[in-house]
Amino acid sequence: RSALMFTFIVLGENMARRSSIYNTLSASAFLLLIYNPFWLWDVGFQLSYLAVLSIVIFMKPIYNLIYVKHKILDHVWKLLAVTLAAQILTTSITIYYFNQFPLLFLFTNIVAVPVSSLILLVEIALCATATIPAIASQLGWVTYQLISGLNFYIESISRLPFALWSPLSINFAQTILLYLVIAGFSLWLFTSSKRSLASALACTVAFLSIRSYAIIQTASQKKIIVYNASGHHAVDFIQGNHFSFLSDSILAQDNNLMSFHLRASRIRDRIFQSIPNLYIRRKNLLIFNGIRILLVDGQLSLPQQIQAQSIDLVIVLAKSSAPPERVIEMTGCKQVVIASSYPSFLINIWQQACSSANVRMHINYANGAFAINIP
């Protein structure tokens with residue numbers, strides 16, 4: 001992708017006729033999307049083109065803000081200008097996808113940009129001398145050291161306690177509004193257009209309104225989420241910005257697995273504080289905001305635990321001695337959720353029982369996470 005993009009840029013700049021950098025970027029993106037249209041939704045594709053477009057639009061205006069006589073300092077300022085320019089159009093989409101913003105990006109890029117350029121040159125030399133082992137081995141060692149050093153520097157910066165601003169959450173509509181705000185203010189600064197300024201301010205008000213509504217809405221939310229956690233069961237009981245978590249011991253003790261499966265959803269729902277007693281539990285029966293939930297696992301004993309009470313939701317965690325038909329008959333439930341921890345080869349038994357009893361069924365590994373909002 002990068003090779004094609006910059007090949008088009010170089011060809012465009014060296015053609016006899018005058019070409020537009022925007023047309024050149026569009027042509028390279030067009031060819032890539034002809035090859036694979038699904039790249040349009042690839043995060044790397046979006047970030048690459050937004051970063052280059054942002055540098056093309058904003059680098060010179062930012063660089064021209066400060067005049068530096070000293071050559072070395074001027075070179076440093078150019079690097080900073082490139083970094084600042086690239087962030088303008090990539091910040092919104094970075095927050096949208098990754099729920100965080102790198103606060104120390106200036107310190108990272110002032111080293112990463114020149115070192116990555118040097119790595120590229122050394123790799124080109126390595127490819128050119130690949131048939132000469134004596135030279136290629138030395139260049140390979142240099143390449144390895146440069147990449148390892150750059151990775152170590154970036155990882156060291158990322159481990160600083162104030163390196164990232166997280167968690168952040170914006171939805172698709174807010175992301176689009178942020179880009180409209182950037183476009184409006186940019187046109188106003190470049191052309192002094194009052195209409196552009198008015199549009200930017202209107203989009204800013206719309207963004208703040210949507211964000212305020214989302215914050216207010218999540219403060220009063222009540223929901224249950226059964227996550228699709230690849231061989232584990234994980235359930236969040238959410239009330240406002242608080243939650244109680246139910247999972248197997250392996251998942252609960254693995255922070256990486258927890259982050260991978262749960263972090264994005266929790267950031268979206270703005271739940272930050274864990275409270276252990278949001279639900280009432282009596283063996284396999286849970287009660288949360290009036291919703292009765294039965295957990296089906298190896299410890300289930302139907303007559304003692306159900307006590308002829310109607311059940312709103314059945315969550316199947318593991319194989320149980322109680323037949324599915326019996327569980328559905330005794331509980332009178334209308335919704336069954338098969339958690340990711342349940343053996344897939346046994347799901348057809350529950351499918352037949354739910355189909356016969358006209359009960360809705362949700363399978364985590366096939367349909368993704370299950371969420372229910374409580375009025």
Side-chain angles (χ1 to χ4, degrees), residues 43 91-103 158-175 178 207-208 210-281 286-291 293 295 313 315-317 335 337-342 362-375:
V43 180
T91 294
S92 301
I93 199 171
T94 299
I95 296 173
Y96 176 71
Y97 283 121
F98 304 110
N99 307 119
Q100 61 188 20
F101 177 74
L103 296 174
S158 68
R159 282 194 291 267
L160 294 175
F162 47 85
L164 290 175
W165 182 8
S166 178
L168 298 172
S169 176
I170 57 174
N171 57 31
F172 182 74
Q174 291 171 328
T175 304
L178 280 179
F207 171 81
L208 294 175
I210 293 175
R211 185 160 183 80
S212 298
Y213 175 76
I215 292 172
I216 294 170
Q217 190 178 42
T218 54
S220 60
Q221 66 185 335
K222 297 175 184 176
K223 64 169 63 175
I224 301 168
I225 301 178
V226 184
Y227 295 99
N228 178 25
S230 302
H232 304 278
H233 68 262
V235 186
D236 268 341
F237 299 88
I238 301 170
Q239 185 166 315
N241 300 118
H242 305 129
F243 68 97
S244 288
F245 182 54
L246 176 69
S247 75
D248 56 77
S249 58
I250 296 175
L251 182 63
Q253 296 170 10
D254 193 323
N255 290 330
N256 289 330
L257 275 177
M258 290 270 288
S259 178
F260 180 80
H261 290 295
L262 312 180
R263 182 176 179 272
S265 177
R266 287 177 173 175
I267 291 174
R268 179 202 61 194
D269 291 325
R270 294 183 174 88
I271 54 175
F272 310 115
Q273 185 176 357
S274 176
I275 297 178
N277 299 317
L278 282 179
Y279 58 81
I280 300 170
R281 181 167 187 175
L286 279 68
I287 302 174
F288 175 69
N289 278 280
I291 302 296
I293 305 150
L295 303 178
L313 176 65
I315 303 177
V316 184
L317 305 178
Q335 177 70 63
V337 178
I338 307 295
S340 302
S341 56
Y342 190 75
H362 182 98
I363 304 172
N364 270 169
Y365 87 87
N367 306 115
F370 173 83
I372 178 172
N373 291 300
I374 302 171

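In this text the structure is predicted, and so the values were computed from the model without any measurement. Sequence positions, counted from 1, serve as the residue numbers for this chain.
Using a distance-only test at 3.5 Å, with no hydrogens or angles considered, a donor-acceptor pair links the side chain of Asn99 to the main chain of Leu168. In this structure, Ser166 contributes its side chain and Gln100 its backbone to no donor-acceptor pair below 3.5 Å. The closest donor-acceptor contact from the side chain of Thr175 to the backbone of Asn171 lies under 3.5 Å. Of the possible donor and acceptor atoms, one in the side chain of Gln221 sits under 3.5 Å from a partner among the backbone N and O of Asp269. Between the side chain of Ser259 and the backbone N or O of Asn256 there is no donor-acceptor pair closer than 3.5 Å. A distance-only check finds no donor-acceptor pair linking the side chain of Ser265 to the backbone of Leu262 [under 3.5 Å]. Side chain of Asn367 to main chain of Ile363: a donor-acceptor pair is present (N/O by atom type, distance under 3.5 Å, no hydrogens or angles).
One side chain, His232 or Asp248, offers a donor N or O that lies under 3.5 Å from an acceptor on the other. Between Asn289 and Gln239, the side chains place a donor N or O and an acceptor N or O closer than 3.5 Å (distance only, hydrogens not considered). If you check the side chains of Ser169 and Arg266, you find no donor sitting under 3.5 Å from an acceptor.
The local environment of CD1 in Ile250 is sparse, with at most 12 non-hydrogen atoms from other residues, nucleotides or ligands closer than 6.0 Å. Applying the 6.0 Å contact sphere to OH of Tyr97 captures more than 12 heavy atoms from other residues, nucleotides or ligands.
In terms of heavy atoms, His362 sits closest to Gly368 at NE2-O, 2.8 Å. Smallest separation of non-hydrogen atoms from Ser92 and Leu178: OG-CB, 3.5 Å. Annotation for Phe288 and Ile238: closest pair CZ-O, 3.3 Å, computed over non-hydrogen atoms. The minimum heavy-atom distance linking Ala252 with Ser247 is given by the pair CB-OG, 3.5 Å. When all heavy atoms of Ile170 and Gln174 are compared, the closest pair comes out as CA-OE1, 3.0 Å.
Here the side chains of Asn373 and Lys222 are not in contact, with every heavy-atom distance at 4.5 Å or above. No side-chain heavy atom of Phe101 sits under 4.5 Å from any side-chain heavy atom of Leu164. Using a 4.5 Å heavy-atom threshold, the side chains of Tyr213 and Leu208 count as separate. In this structure, the side chains of Gln335 and Phe370 come closer than 4.5 Å at one or more pairs of heavy atoms. Residues Asn364 and Ile338 fail the side-chain proximity criterion, which asks for heavy atoms closer than 4.5 Å. Using a 4.5 Å heavy-atom threshold, the side chains of Tyr342 and Leu317 count as separate.
Ring geometry for Tyr279 against Phe237 counts as tilted: the plane angle lies between 30° and 60°, on a 0 to 90° scale.
The CD1 atom of Ile93 sits 9.5 Å away from atom CZ of Phe172, with the distance rounded to the nearest 0.5 Å. Between atom CD1 of residue Ile315 and atom CD1 of residue Ile224 there is a gap of 6.5 Å, rounded to the nearest 0.5 Å. Distance CZ/Arg270 to CD1/Ile215: 5.0 Å, rounded to 0.5 Å. Between Ile225 atom CD1 and Phe243 atom CZ the span is 11.0 Å, to the nearest 0.5 Å.
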List the steps and the verdict of side chain to side chain contact (heavy atoms under 4.5 Å, CB included) for Phe245 and Ile275.
-> CA-CA 8 Å; Phe245 182 54; Ile275 297 178; over 6 Å; no

Apply the test side chain to side chain contact (heavy atoms under 4.5 Å, CB included) to residues Arg263 and Met258: give CA-CA distance (whole Å), side-chain angles for both, the deciding distance (0.1 Å), then the verdict.
-> CA-CA 7 Å; Arg263 182 176 179 272; Met258 290 270 288; over 6 Å; no

List the steps, then state whether side chain to side chain contact (heavy atoms under 4.5 Å, CB included) holds for Leu286 with Leu246.
-> CA-CA 11 Å; Leu286 279 68; Leu246 176 69; 4.2 Å; yes

Are Ser244 and Arg281 close enough, and set up right, to give a side-chain hydrogen bond (donor to acceptor under 3.5 Å, both in side chains), and what steps lead you there?
-> CA-CA 12 Å; Ser244 288; Arg281 181 167 187 175; over 6 Å; no

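Annotation: His261 is not in aromatic contact with Tyr227 [ring centroid separation under 6.0 Å not met].
Note on Asp236 versus Lys223: no salt bridge recorded, every NZ/NE/NH1/NH2 to OD/OE distance being 4.0 Å or above.
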